[in-house]
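To start, the structure under review is shown below, and the notes come after it.
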Amino acid sequence: MDLTIKNGTIVTATETFKGSVYIRDGKINSIRKEGDSVPLSDNIIDASGMYIFPGGVDPHVHFHLKTPAGYSSDDFYTGSRAALFGGTTTIIDFVTPERGQSIIEAVKQRKAEAEICLTDYSFHVSPVEWSENTESELNKCIHEEGIPSFKVYMAYKNSIGLEDDEIGKVMSVVGKSGGTLAIHCEMGDAIDVLHSIFASEGRLSPKYHAFSRPAYLESESVKTAIKLARETECKIYIVHVSAEDSVKHIREAKKLGQKIFAETCPQYLLLDKSKYEGDFQQVAPYIMSPPLRKKEDNRALWMAIADKTIESLGTDHCPFTMKQKEEGKDDFRKIPNGAGGVEHRLELLYTYGVNTNKISINRFVEITSTNPAKIFGLYPKKGEIAEGSDADIVIWNPEKEKTISAESHHQNSDINIYEGVRVKGGVEYVIKAGEVIIRKGKMMNSSVKGKFLKVDLNETNQEY
Ligand code: URP
Ligand code: ZN
Ligand code: ZN
């Protein structure tokens with residue numbers, strides 16, 4: 001099977017040029033600049049007027065995540081299908097063991113759950129406690145399972161969160177191996193105290209979720225994470241940065257040469273705390289951790305993307321239905337935390353970043369695809385348009401316009417936090433491993449199967 005995409009504008013993190021891409025056996029076989037002869041092929045897509053991007057890499061999704069309100073409402077099939085409709089061809093999800101469960105057993109269980117995934121995928125493994133087996137299990141993840149990437153939570157202390165000294169131990173192990181530790185930064189103990197105070201005062205409506213998680217509890221936690229990582233020489237990736245002061249700490253640490261990466265998500269760039277005004281039905285969709293912040297924080301995050309303090313855009317895709325959110329109708333602490341967005345990451349960043357000249361189109365490709373692939377050891381198979389890379393490609397129509405809505409999205413939820421938001425620029429074709437999967441808003445091949453991406457640290461570009 002071969003395919004030629006001709007007459008498009010090829011965009012990578014570093015270059016923009018007119019040309020054609022010839023694909024054979026699932027890989028990019030050759031790239032020709034405009035004017036050069038194009039290899040003959042049985043299948044041709046004319047991409048005149050379109051951009052050709054590497055497939056999106058979303059480094060932060062929670063498909064089929066177990067919570068007290070039931071599983072997040074997208075499983076690996078529905079979530080990855082929605083991802084493909086939005087131009088994301090690789091996702092990174094999580095392995096979150098129960099306390100007391102073997103990490104390796106949880107990895108195997110998660111791999112089985114992910115077999116229905118349509119995109120390619122890998123995982124961050126979350127140690128949720130420190131036990132006598134943790135060090136050897138983390139090393140097994142790296143050397144046997146092909147997963148050198150981990151995640152710890154400084155919040156959620158009574159379920160999956162770790163104490164600072166335990167995080168230091170995880171960092172020592174991960175740092176020695178050259179792996180990466182992703183961190184959810186919020187000061188869990190202080191949040192728990194605020195929860196108790198609010199509960200004792202009967203302040204349990206959804207907006208108190210946001211009041212119980214102020215920005216300084218995120219930025220202080222970022223400071224601690226940076227300090228621990230410096231002491232243990234561990235490469236860290238701070239997920240879903242939402243607050244201006246967090247950005248300041250990260251910028252400072254990067255200036256001092258520390259190996260630290262930061263991610264934000266479209267919701268923290270585009271939405272703000274005004275979403276917490278209203279009745280339960282209006283506010284509950286926006287209950288997520290960290291919560292939405294001020295407009296000043298939105299602006300600081302855009303600037304941090306432009307000056308490379310923030311290197312990566314994830315979604316933290318974790319949708320629930322309104323029925324699930326209603327578990328917390330009388331107590332915000334029971335509202336499941338999270339919102340969907342895997343389908344909208346590219347169109348939102350393109351519309352509100354590229355079209356408004358906040359970022360260049362190359363920076364768009366860099367933070368939605370190339371950098372997440374580099375940081376997590378998937379580059380140059382993923383995140384690049386180059387000879388030998390996987391033929392995961394998005395053909396992007398810069399003129400396509402639509403209004404986002406739960407009525408028309410592919411995410412499995414009756415909620416969409418971007419309801420009514422207009423976007424300009426969207427997916428025309430999605431090609432995965434050389435096959436056309438999405439064509440003009442329709443799925444062409446529903447038997448497509450994603451594969452688990454085993455990472456070998458010896459083969460990856462460790463310079464990043
Ligand atoms: O509210 C959120 N973000 N839910 C998903 C879990 C997490 O903290 O990343
Ligand atoms: Zn988180
Ligand atoms: Zn998350």
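By convention here, the first residue in the shown sequence is residue 1. What's counted below: heavy atoms across the whole structure, side chains too, no hydrogens, waters or symmetry copies. Just so you know, ligand 1 is whichever comes first in the structure, and atom 1 is the first atom listed for that ligand. Bear in mind the structure is a predicted one, so any value in this text is a computation, not a measurement.
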With [X] as the cation and [Y] as the aromatic partner, state whether NZ or CZ is under 6.0 Å from the six-membered ring centre and within 45° of the axis.
X    : Y    : value
K325 : F320 : no
K207 : F332 : no
K151 : F94  : yes

Got a sec: does the CD of E252 have more than 12 other heavy atoms crowding it under 6.0 Å?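 Atom CD in E252 is not crowded, with 12 or fewer foreign heavy atoms closer than 6.0 Å.
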
More than 12 foreign heavy atoms under 6.0 Å from CD of E407: is that the case here? no

Taking the inter-plane angle between the rings of Y268 and H240 on a 0 to 90° scale, is it parallel (under 30°), tilted (30 to 60°) or perpendicular (over 60°)?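 Perpendicular: the ring planes of Y268 and H240 meet at over 60°.
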
With under 30° as parallel and over 60° as perpendicular, where do the rings of F364 and W396 fit, or are they tilted in between?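 Ring orientation, 0 to 90° scale: tilted.
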
Close residues, ligand 1: non-hydrogen atom nearer than 4.0 Å: H60, H62, K151, Y156, H184, H240, M288, S289, D316, C318, N337, G338

Near the Zn ion (ligand 2), protein N/O/S count under 2.8 Å comes to 2

Stepwise salt bridge (charged side-chain N to carboxylate O under 4.0 Å, His left out) check, K329 with E326: CA-CA 5 Å; K329 206 155 181 29; E326 279 168 358; 5.3 Å; no

Ion pair check, K157 and E163, cut-off under 4.0 Å: yes

Test: E296 and K294 ion pair at under 4.0 Å: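 Result for this pair is no, no salt bridge flagged.
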
Do any of the N/O/S atoms of C318, backbone or side chain, fall under 2.8 Å from the Zn ion (ligand 3)? no

